[in-house]
Amino acid sequence: MTRARRLVVTVCSREPGVVTLPVERGGHAVQLNAAAILKALRALVDARGLADRVRLCEGCAGGCRADGPNVSVEIFPAPLPGERPDHVAIGWKTYVYSLPSLTCLATVIEENLIPPRREARR
């Protein structure tokens with residue numbers, strides 16, 4: 001069994017640029033700058049009740065030489081009941097220059113919050 005995850009999602013508010021994509025799967029595409037991405041991600045986290053597993057922050061997400069917006073994700077194991085959160089990442093993913101390739105902004109949370117399935121041993 002794989003352990004649940006928690007995420008720290010960083011959006012760089014200093015990068016200019018706009019990306020056009022739906023916020024949620026099946027939604028209408030909208031233009032999102034860095035501030036709008038952070039606002040939309042906060043709304044998704046609140047709507048899905050993920051505040052204990054997803055933290056959003058502003059900071060450098062990489063890709064400072066060209067237009068963003070850019071997002072990075074640090075992946076941590078979720079603490080077990082009574083444990084303190086671990087601060088050593090078990091993985092990370094960046095969306096530097098790649099946000100337009102996503103089907104929706106919610107993918108940033110969805111594809112990182114769920115641990116990959118392990119193949120059954122034979």
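The first residue in the sequence is number 1, and the count goes up from there.
Within the model, atoms OG1 of T107 and CG of L21 stand 8.0 Å from one another, a figure rounded to the nearest 0.5 Å. Of the inter-residue distances, the one linking C104 atom SG with L44 atom CG reads 8.0 Å to the nearest 0.5 angstrom. Expressed to the nearest 0.5 Å, how far OG1 of T94 lies from CG of L99 amounts to 10.0 Å.
Taking hydrophobic clusters as Ile, Leu, Val, Met, Phe, Trp and Tyr residues chained together by side-chain heavy-atom distances below 4.5 Å, L38 shares a cluster with V45. Hydrophobic cluster membership differs between Y97 and W92, with clusters built from Ile, Leu, Val, Met, Phe, Trp and Tyr side chains linked at under 4.5 angstrom.
Screening V8, I90, L113 for a side chain to side chain contact (heavy atoms under 4.5 Å, CB included) with I75, the sole residue that qualifies is I90. Screening L102, N70, V19, L105 for a side chain to side chain contact (heavy atoms under 4.5 Å, CB included) involving Y95 leaves a single residue, L102. Under the side chain to side chain contact (heavy atoms under 4.5 Å, CB included) rule, L41 has a single partner from I109, V23, V54, which is I109. The only member of N33, I37, V11, L32 that meets side chain to side chain contact (heavy atoms under 4.5 Å, CB included) when paired with P69 is I37.
The backbone N or O of A51 sits nowhere less than 3.5 Å from a side-chain atom of D46 that would complete a donor-acceptor pair. For R6 (side chain) and P79 (main-chain N/O), no donor-acceptor pair under 3.5 Å exists by modelled atom type.
Other residues, nucleotides and ligands contribute over 12 non-hydrogen atoms within 6.0 Å of the CZ atom of R53. Counting non-hydrogen atoms of other residues, nucleotides and ligands closer than 6.0 Å to CZ of R14 gives a total of 12 or fewer.
Between E110 and R48 there is a salt bridge, since at least one side-chain N of the basic residue sits less than 4.0 Å from a carboxylate O of the acidic one. Classification of E111 and K93 as a salt-bridged pair holds, one side-chain N sitting under 4.0 Å from a carboxylate O.
Across all non-hydrogen atoms, the minimal contact from C12 to A34 is O-CB, 3.2 Å. When all heavy atoms of V108 and N112 are compared, the pair lying nearest together is O-ND2, 2.7 Å.
A 4.5 Å side-chain heavy-atom check between R25 and T103 finds at least one atom pair inside the cut-off.
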